[in-house]
Protein chains: 4
Amino acid sequence: MVESEESTSVLARILDAAAEEFGRVGFSGAKVDAIARRAGVNKAALYYHVGNKEKLYETVLLQLFAQVAGTLEQAAKAGPDPVAALSALASAMAGLFSRLPVLPRIMTMEMASGARTMPLAALAEFRRIFGATRDILRQGQETGVMRPANPAFVHMALVGTLVVYSLSEPLRRRFADAVQEMDVRLDAPLAEAAAFLGDLIGRGLRPDAAVGETPVNTAGTEGHGDA
Amino acid sequence: MVESEESTSVLARILDAAAEEFGRVGFSGAKVDAIARRAGVNKAALYYHVGNKEKLYETVLLQLFAQVAGTLEQAAKAGPDPVAALSALASAMAGLFSRLPVLPRIMTMEMASGARTMPLAALAEFRRIFGATRDILRQGQETGVMRPANPAFVHMALVGTLVVYSLSEPLRRRFADAVQEMDVRLDAPLAEAAAFLGDLIGRGLRPDAAVGETPVNTAGTEGHGDA
Amino acid sequence: MVESEESTSVLARILDAAAEEFGRVGFSGAKVDAIARRAGVNKAALYYHVGNKEKLYETVLLQLFAQVAGTLEQAAKAGPDPVAALSALASAMAGLFSRLPVLPRIMTMEMASGARTMPLAALAEFRRIFGATRDILRQGQETGVMRPANPAFVHMALVGTLVVYSLSEPLRRRFADAVQEMDVRLDAPLAEAAAFLGDLIGRGLRPDAAVGETPVNTAGTEGHGDA
Amino acid sequence: MVESEESTSVLARILDAAAEEFGRVGFSGAKVDAIARRAGVNKAALYYHVGNKEKLYETVLLQLFAQVAGTLEQAAKAGPDPVAALSALASAMAGLFSRLPVLPRIMTMEMASGARTMPLAALAEFRRIFGATRDILRQGQETGVMRPANPAFVHMALVGTLVVYSLSEPLRRRFADAVQEMDVRLDAPLAEAAAFLGDLIGRGLRPDAAVGETPVNTAGTEGHGDA
DNA sequence: GATGAATGAGGGTTCATTCAT
DNA sequence: TATGAATGAACCCTCATTCAT
């Protein structure tokens with residue numbers, strides 16, 4: 001395993017290039033030729049290192065999943081306050097997606113294709129991912145600041161929203177002007193969406209018991225433009 | 001839908017088959033051969049009717065978009081209560097996705113590929129789609145039952161969540177057993193998720209002025225990073 | 001045979017369109033679709049009138065050949081002076097090619113493809129075509145103003161030159177500027193070329209014995225190439 | 001040409017096969033399949049080496065043009081006598097066409113199609129080709145053995161005739177018997193035609209001044225070609 | 001006679017993969 | 001290990017031709 005001195009290992013370069021390409025055009029749209037070129041290696045060399053296209057895809061997938069799991073876990077145990085932890089989760093996810101825009105793209109493409117390729121090894125990562133949300137909710141309930149909820153739902157509300165928001169960026173950017181006059185801001189950054197989302201879900205999960213009011217009509221009254 | 005099974009117009013049959021195929025494997029993964037076979041027409045006939053693969057895709061996309069827009073609009077004006085309307089929106093969307101599982105798949109794949117193919121004609125549908133959420137929020141604020149929020153965010157929270165939840169079905173089903181012991185129910189039906197989501201967002205959008213109860217996180221959006 | 005009142009017969013329109021198309025891209029390059037469109041008739045109608053592509057081609061060919069033969073014959077018997085007749089032949093050919101630029105194109109394409117399609121019916125036209133030149137030469141010899149020569153050679157010198165000159169027009173036009181500084185005028189009109197050619201061949205066919213003048217082979221002192 | 005029969009470079013074999021095929025049926029009639037088979041290579045290999053059909057055609061064209069140019073140049077500078085050089089030019093051309101019967105076919109087909117494909121790189125060859133004839137004529141005039149004439153005309157008379165004569169071989173052969181009784185020998189070899197042609201043009205270009213007789217038709221030619 | 005729709009047989013091109021060096 | 005070259009299996013698309021109306 002004597003790697004070339006001056007740069008990242010060949011395999012790492014291949015994986016990066018592959019992630020980029022898979023994220024751009026999906027599995028069947030990706031061309032091994034393009035990946036090899038992007039990685040700066042010969043096509044035959046790629047096969048020597050990776051085996052074949054399918055295996056390459058699996059490897060990329062696993063690597064990305066591990067990153068997601070790690071990030072979520074990290075964020076989940078960030079603080080003692082479950083509500084804050086939820087927001088932290090959203091922010092962490094947004095940060096991850098910003099740094100690795102390929103991630104939400106590959107995730108959804110993979111899901112859209114029926115998780116055809118998802119290797120069994122992904123199971124462990126899967127548990128870690130859902131575990132993060134589950135732990136926060138459990139703690140929230142135990143401390144009485146959250147009502148019970150299926151972690152799968154909350155997780156999807158969090159991650160699903162951010163995934164689609166991130167994913168839709170080109171589309172939103174393209175139509176941003178067209179809906180401007182509708183008071184819809186399509187080009188807000190992902191971090192802002194995450195902040196809003198963390199807050200929204202935090203509020204939405206408050207226990208009913210809170211009291212019985214919800215004193216309608218005091219704050220909102222005027223328009224929408226302000227904060 | 002209206003015509004008798006086998007007398008459906010050729011073009012309609014082609015479009016249905018294409019939606020199915022595109023939804024299953026994406027644009028580049030779809031094979032015109034397969035679409036033609038599935039539609040029960042000769043491949044050359046398909047080209048005679050549709051032009052080429054790209055055009056076929058665009059047509060499918062437009063048709064699906066129109067359905068989404070129609071459904072959302074319908075649901076949005078369902079009742080006078082904005083909060084209920086929001087839930088109705090979620091339910092309608094869930095119903096649509098259940099009947100047309102191909103829809104969320106194609107939508108995300110299209111977005112994931114950078115909205116490469118989205119025809120300009122989709123613009124109108126796009127406005128209708130965002131308009132539905134926007135109208136509800138506006139009304140909610142005007143009647144004082146909701147605080148201001150960027151409709152794009154709320155829309156994404158609603159649709160994005162349902163899309164990913166629907167999308168992830170095969171994956172969730174596959175790993176359902178594996179996380180059962182974690183108190184995470186991965187196999188809840190989409191409608192249930194929609195109900196939860198409508199409720200969650202409705203609560204989350206309640207005006208801050210909810211007096212002094214539910215003391216959590218009253219600061220709104222500014223307090224998320226820490227405790 | 002009741003033709004449409006307001007225009008040329010359908011078949012004539014088809015033949016014209018076909019000639020145009022065949023001349024532009026050759027037999028295999030021509031598309032029946034394009035011919036039908038150009039002729040303003042339905043594709044199936046074209047088949048009804050013509051049979052198939054091959055037959056259409058043969059018909060066009062025969063029609064064009066007949067025009068060439070007629071023109072040459074006409075020109076050949078134009079006057080009593082063989083030398084003038086030769087020039088007349090060249091001019092007539094040039095005129096024909098100018099009016100029907102498709103003619104030289106189809107002629108050469110047909111020859112280039114090994115006269116694959118040339119129908120036997122073309123034989124008669126063929127004899128008329130060569131007959132014209134042959135008659136002039138024979139008369140020239142009999143009146144002593146021309147030396148003997150294989151009519152096939154002379155014919156080729158005449159027609160071949162004009163065919164290629166006509167054919168090369170787009171090419172010459174394209175490179176005209178590039179060779180201007182070389183004292184080569186590539187854009188001279190076909191008629192001018194014909195005039196030059198008639199003259200050139202007329203001179204070239206003068207009998208050696210043309211008395212003692214036309215200092216055959218004396219001026220060039222070192223004349224090795226000729227007789 | 002230099003390498004041993006079967007070890008010829010793959011690309012060379014492809015180009016040869018392509019020239020043969022293009023010459024036989026033209027660009028659109030040629031099938032890549034057939035070319036690959038004839039060259040003894042896999043179709044994909046052909047694409048690997050050449051890019052696509054169009055590029056293949058261009059390459060073939062350029063190669064052929066270069067051969068023509070080289071041959072003409074060589075012949076043009078063969079001797080000091082312009083009249084002899086003209087004959088040498090004709091002979092060289094005939095020799096080239098005999099060895100490469102594909103050449104006149106491709107040349108005319110290309111011209112007939114409007115020089116659609118002629119790459120700009122052909123420009124240089126083009127200049128060399130016309131330059132040969134031009135140089136001979138210029139020298140002929142300077143030494144007083146030729147009258148002024150547009151080199152383009154002379155060149156066409158020379159090359160055009162030989163091209164069509166060569167091209168028409170199958171046709172001539174097919175109808176040779178039919179015109180035999182007409183004193184027209186259709187099956188004379190190309191070399192003979194070239195000899196006749198060289199002589200014919202040589203004579204035809206003799207200066208009028210030679211003596212004073214036979215002032216045929218001098219009007220048309222004097223306008224353009226002089227220096 | 002005319003027309004929209006259908007169809008089978010390719011035709012050009014791409015692509016994942018392998019092999020010899 | 002790395003690389004240029006090769007290959008077979010598709011894949012998208014076209015085209016001459018026919019058929020039902």
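These numbers come from the heavy atoms of this one structure, side chains and all, not from hydrogens, waters or symmetry mates. Proteins come first, then strands; the chains are lettered A, B, ... in the order of their sequence lines, and each starts at number 1.
D:Ala30 comes within contact range of the sugar-phosphate backbone alone, with a heavy-atom separation under 4.0 Å but no base atom that close.
When the nearest nucleotides of DNA chain F are assigned to A:Ala45 and C:Ala44 by heavy-atom distance, the more 5′-ward of the two goes with A:Ala45. In this structure, A:Gly51 and B:Gly40 both approach DNA chain E, and ranking their closest nucleotides by distance from the 5' end singles out B:Gly40.
Contact annotation: C:His49 reaches the phosphate of E:dA2 (side-chain N/O to OP1 or OP2, under 4.0 Å). Within the structure, every side-chain polar atom (N or O) of B:Asn52 is placed at least 4.0 Å from both OP1 and OP2 of F:dC12. Contact annotation: B:Tyr48 side-chain N/O to E:dA6 OP1/OP2 distance is not under 4.0 Å. Considering only side-chain N and O atoms, A:Asn42 lies nowhere under 4.0 angstrom from the phosphate OP1 or OP2 of F:dT1.
Between the OH atom of C:Tyr47 and the C1' atom of E:dA2 there is a distance of 16 Å, given to the nearest Å. Look at CG on A:Leu11: it is 11 Å from P on F:dA2, rounded to the nearest Å. Following rounding to the nearest Å, A:Arg37 (CZ) and E:dA16 (C1') show an atom-to-atom distance of 14 Å. Protein atom CG of B:Leu46 is 14 Å distant from nucleotide atom P of E:dG8, rounded to whole Å. Spacing between atom CD of B:Glu54 and atom C1' of F:dC11 amounts to 15 Å, rounded to whole angstrom units. Taking atom CD on C:Glu21 and atom P on F:dC15, their separation rounds to 10 Å, with Å as the unit. When rounded to the nearest whole Å, the span between CG of B:Asp33 and C1' of F:dT14 equals 14 Å. Summarising the geometry, the separation between CD1 on B:Ile35 and P on F:dA10 is reported as 18 Å, rounded to the nearest angstrom.
For the pair D:Lys53 and D:Phe27, the minimum side-chain heavy-atom distance is below 4.5 Å. Counting only heavy atoms from C-beta outward, the side chains of C:Leu15 and C:Leu56 approach each other to under 4.5 Å.
Nucleotide E:dT18 is matched to F:dA5 when pairs are restricted to Watson-Crick or G-U wobble geometry with both distances under 3.5 angstrom.
Aromatic ring pairs are classed by plane angle as parallel below 30°, tilted from 30° to 60° and perpendicular above 60°; the pair A:Tyr57 and A:Phe22 is perpendicular.
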Given A:Lys55 and A:Glu58, is the salt bridge (Lys or Arg N to Asp or Glu O under 4.0 Å) satisfied, shown in steps? CA-CA 5 Å; A:Lys55 258 191 197 150; A:Glu58 283 177 22; over 6 Å; no
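Checked by distance alone, A:Lys43 brings a side-chain donor or acceptor within 3.5 Å of a matching partner on the base of E:dT17.
The backbone N or O of C:Ala12 lies less than 3.5 Å from a partner atom in the side chain of C:Ser9, making a donor-acceptor pair.
The side chain of B:Lys53 sits closest to F:dC13 out of F:dT17, E:dT17, F:dC13.
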